[in-house]
Q: 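Pasting a structure below so you can have a look.
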Amino acid sequence: QVQLVESGGGLVQPGGSLRLSCAASGMTFWLYAMGWYRQVPGKQRELVALITRRLITNYADSVKGRFTISRDNAKNTVYLQMNSLKPEDTAVYYCAAGLSDSASDYWGQGTQVTVSS
């Protein structure tokens with residue numbers, strides 16, 4: 001079965017950086033669009049960044065210029081490099097995969113990112 005396992009979350013000061021990783025298994029990785037979503041309590045889950053199998057990327061306006069999504073098909077892994085982090089980036093970040101460009105058929109368990117001084 002498909003498994004998505006996130007890592008790399010944690011506590012960081014404002015202005016700092018983190019890199020999230022998502023290792024996928026049980027799927028033909030290169031066929032899937034991969035995405036990162038985030039959710040804070042009481043709010044809907046929102047798309048942060050997405051990369052299609054053709055390497056087309058899409059970002060939420062709030063993270064453009066600060067976050068970069070990438071994928072390594074040889075390692076079945078997708079990354080989210082997060083720079084210039086702000087307190088409002090604090091959320092649980094979820095990795096997702098899908099055969100459509102919405103990348104929302106399968107989900108990881110989530111990893112907490114907290115931006116605070």
Q: Which pair of non-hydrogen atoms, one from G98 and one from D105, has the smallest distance, and what is that distance?
A: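 Closest approach of G98 to D105, heavy atoms only: CA-OD2, 3.4 Å.
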
Q: T57 and L55: side-chain contact (heavy atoms from CB on, under 4.5 Å), yes or no, with the steps?
A: CA-CA 6 Å; T57 57; L55 305 184; over 6 Å; no

Q: Can you find a pair of side-chain heavy atoms, one from S62 and one from R38, that are under 4.5 Å apart?
A: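 They are in contact (side-chain heavy atoms under 4.5 Å apart), so the answer is yes.
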
Q: Side-chain contact test, heavy atoms from C-beta onward, threshold under 4.5 Å: evaluate it for W36 versus F67 and give yes or no.
A: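 Contact flag for W36/F67 side chains = no.
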
Q: Using modelled atom types only, decide if a donor and an acceptor are shared between the side chain of E6 and the backbone of G110 within a distance under 3.5 Å.
A: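 The answer is yes, because a donor-acceptor pair under 3.5 Å joins these two groups.
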
Q: Are M27 and Y32 side-chain neighbours, meaning at least one heavy-atom pair lies under 4.5 Å?
A: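 Touching, per the 4.5 Å side-chain cut-off.
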
Q: As an exercise, state the distance from OG1 of T52 to CG of L31, rounded to the nearest 0.5 Å.
A: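 Those atoms lie 12.0 Å apart.
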
Q: Flag the pair P87 / S116 as yes when at least one side-chain heavy-atom distance between them is below 4.5 Å, and no otherwise.
A: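 In short, these two side chains do not touch, never coming nearer than 4.5 Å.
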
Q: Ignoring hydrogens, what is the shortest heavy-atom contact between A103 and L50? Give both atom names and the distance.
A: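 Scanning both residues, the minimum pair turns out to be CB-CD1, 3.8 Å.
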
Q: Can you tell if the side chain of T90 reaches within under 4.5 Å of the side chain of V40, non-hydrogen atoms only?
A: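 Answer no - side chains too far apart.
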
Q: Under the salt bridge (charged side-chain N to carboxylate O under 4.0 Å, His left out) rule, what pairs show up with a residue in residues 63-77, not counting sequence neighbours?
A: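 Checked against salt bridge (charged side-chain N to carboxylate O under 4.0 Å, His left out) - neighbours excluded - the pairs reaching residues 63-77 are D61-K64, R66-D89.
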
Q: Determine whether I69 and Y94 fall in the same hydrophobic cluster, where Ile, Leu, Val, Met, Phe, Trp and Tyr are linked whenever their side-chain heavy atoms lie under 4.5 Å apart.
A: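 No, it is not one cluster - the side chains of I69 and Y94 are not joined through contacts under 4.5 Å.
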
Q: Would you say the side-chain atoms of Q44 and Q39 include a donor-acceptor pair closer than 3.5 Å?
A: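 The criterion, which ignores hydrogens and geometry beyond distance, is not satisfied for Q39 and Q44.
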
Q: For residues 17-31, pull every pair meeting side chain to side chain donor-acceptor pair (under 3.5 Å), keeping only residues two or more places apart or in separate chains.
A: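 Every pair satisfying side chain to side chain donor-acceptor pair (under 3.5 Å) with a residue in residues 17-31: S17-N83.
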
Q: What's the shortest heavy-atom distance between M34 and C95, and which atoms?
A: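 Closest approach of M34 to C95, heavy atoms only: CE-SG, 3.8 Å.
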
Q: Got a sec, which pairs hit ring pair (Phe, Tyr, Trp, His ring centres under 6.0 Å) with one end in residues 44-66, sequence neighbours left out?
A: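 Of all non-adjacent pairs touching residues 44-66, none passes ring pair (Phe, Tyr, Trp, His ring centres under 6.0 Å).
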
Q: Would you kindly confirm whether V63 and V12 end up in one hydrophobic cluster when ILVMFWY residues are joined by side chain heavy atoms under 4.5 Å apart?
A: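 Yes, because V63 and V12 connect within a single hydrophobic cluster, where side-chain heavy atoms sit under 4.5 Å apart.
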
Q: Evaluate the side-chain proximity of V78 to L80: yes if any heavy-atom separation is below 4.5 Å, no if none is.
A: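 A side-chain contact is absent here, since even the closest heavy-atom pair is not under 4.5 Å.
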
Q: Got V2 and F29 here, is their nearest side-chain heavy-atom distance under 4.5 Å?
A: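 No. Closest side-chain heavy atoms not under 4.5 Å.
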
Q: Give a yes or no on whether the ring-centroid distance for W107 and Y37 is below 6.0 angstrom.
A: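 They qualify: ring centres under 6.0 Å apart.
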
Q: Is there side-chain contact between I51 and I56, with at least one heavy-atom pair below 4.5 Å?
A: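 Side-chain contact under 4.5 Å: no.
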
Q: Quick one: closest heavy-atom pair of Q112 and V92, and the distance?
A: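 Nearest heavy atoms, Q112 then V92: OE1-CG2, 3.2 Å.
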
Q: Indicate the atoms forming the closest heavy-atom contact of L20 with G9, along with that distance.
A: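 So the minimum-distance heavy-atom pair works out to CD2-N, 3.6 Å.
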
